[in-house]
Amino acid sequence: MIIVSFLANVLVAIAKTGAALITRSSSLRTEAVHSWVDVGNECFVVVAARKSLRPADEVRPFGYGRESYVWSLFASIGTLMFGAVIGVWQGVQELGAHGAGAHYVVGYVVIGVSFSLEGASFVQTATQLGKGADELGRDLFEHALATSNATLRAIFTEDFTALLALVVAALGMALHQLTGDAIYDGVGSIVIGLLMGVAAVMLIRRNVELLAGKPLEPMLSARLVSALGAEPEVECVAFAYGEVIGPERVMIIASVRLAGDHTQAELAMTLRALEHRLMSYRYVGLAVLTLATPDG
């Protein structure tokens, strides 16, 4: 998935750069910058994905999953600093320009091809995200923003923003062609820059939340308590806390009361068995259980 998105962005960036030089369209220039920024971001995304796969060790007992949020944060800041700022700056400069562009057909062809490539990448990412959304009872866009998988979230946001930006670029160039007034191209460039800025701020905010230690949402916490309480050895769950520790990985800390009478050794063995059972679930990276007090 990452390789497909990376190759699509490289091809699109090259095509947009050539078309921007030929058509002299401000919107296409901003789109070229947009695609080159996405190419750079993909490098950060690859590093993030590789870092998050490292197993837990003595140095990082919770694993290395949160490192993916650091690299994804760098990518988001890059989008904001380079893509959004340059796009708005180019658009403002174009507002005072005059004269028609040239070779508009080349621009439309490149936009059409780019839309197809970005669309293919978006459909692939959306399909993968959709599976997780169905499991958790969310709609696609809600899950894209809420997922702890920084790689999927970044690629989905990049592709969706790119599709919107291509539509804006086409409209800006078309109005420039019809009216001969470059102001429409300038406005298109500004809108594309703002789209990139909004996407970057959303990603930055989410990555910061996950780096700071994001507890599970109430719905997921309720499912956690329900699953733990359904275990035959558990009489009741007195306390439960879950926190995201990496892409699609959570840490669970819970206090439970066990059914029946047990020796100290039996209690310890039962708790350890429950922890291992919990960690067999796909999303559970670490589980720590303790005994609840009688009045807990």
Evaluation steps, side-chain hydrogen bond (donor to acceptor under 3.5 Å, both in side chains), between Thr17 and Trp36 | CA-CA 9 Å; Thr17 301; Trp36 285 117; 2.9 Å; yes

Sequence neighbours excluded, which residues qualify as salt bridge (charged side-chain N to carboxylate O under 4.0 Å, His left out) partners of Glu217?
-> Arg138

State whether the side chain of Arg272 and the backbone N or O of Leu267 hold a donor-acceptor pair below 3.5 Å, judged by distance alone.
-> no

Straight-line distance of Thr23 OG1 to Met173 CE, nearest 0.5 Å = 6.0 Å

Just grab all the side-chain hydrogen bond (donor to acceptor under 3.5 Å, both in side chains) pairs involving residues 222-231, residues at least two apart or on different chains.
-> Glu231-Arg277

Step by step, would you call Arg257 with Leu291 a side chain to side chain contact (heavy atoms under 4.5 Å, CB included)?
-> CA-CA 6 Å; Arg257 185 179 304 130; Leu291 288 175; over 6 Å; no

What residues form a side-chain hydrogen bond (donor to acceptor under 3.5 Å, both in side chains) with Ser27, not counting sequence neighbours?
-> Asp185

Do Tyr184 and Gln177 meet the criterion of a side-chain donor-acceptor pair at a distance under 3.5 Å?
-> no

Side-chain donor-acceptor pairs under 3.5 Å in residues 247-255, sequence neighbours left out?
| unit_1 | atom_1 | unit_2 | atom_2 | d |
| --- | --- | --- | --- | --- |
| Glu248 | OE1 | Arg282 | NH2 | 3.4 |
| Arg249 | NH1 | Arg282 | O | 2.5 |
| Ser255 | OG | Ala292 | N | 3.4 |

Going hydrophobic residue to hydrophobic residue with side-chain gaps under 4.5 angstrom, can you get from Leu271 over to Met269?
-> no

Would you say the side chains of Glu67 and Tyr69 form a donor-acceptor pair under 3.5 Å?
-> no

Taking atom CE of Met279 and atom CG of Leu274, what is their separation to the nearest 0.5 Å?
-> 11.0 Å

By the rule that ILVMFWY residues connect when side-chain heavy atoms come within less than 4.5 angstrom, directly or transitively, which residues belong alongside Leu145?
-> Val198, Met202

Indicate yes or no for a side-chain donor-acceptor contact from Ser121 to the backbone of Leu117 under 3.5 Å, with no hydrogens or angles considered.
-> no

Tell me the side-chain hydrogen bond (donor to acceptor under 3.5 Å, both in side chains) pairs involving residues 196-208, sequence neighbours left out?
-> Arg153-Asn207, Arg206-Glu209

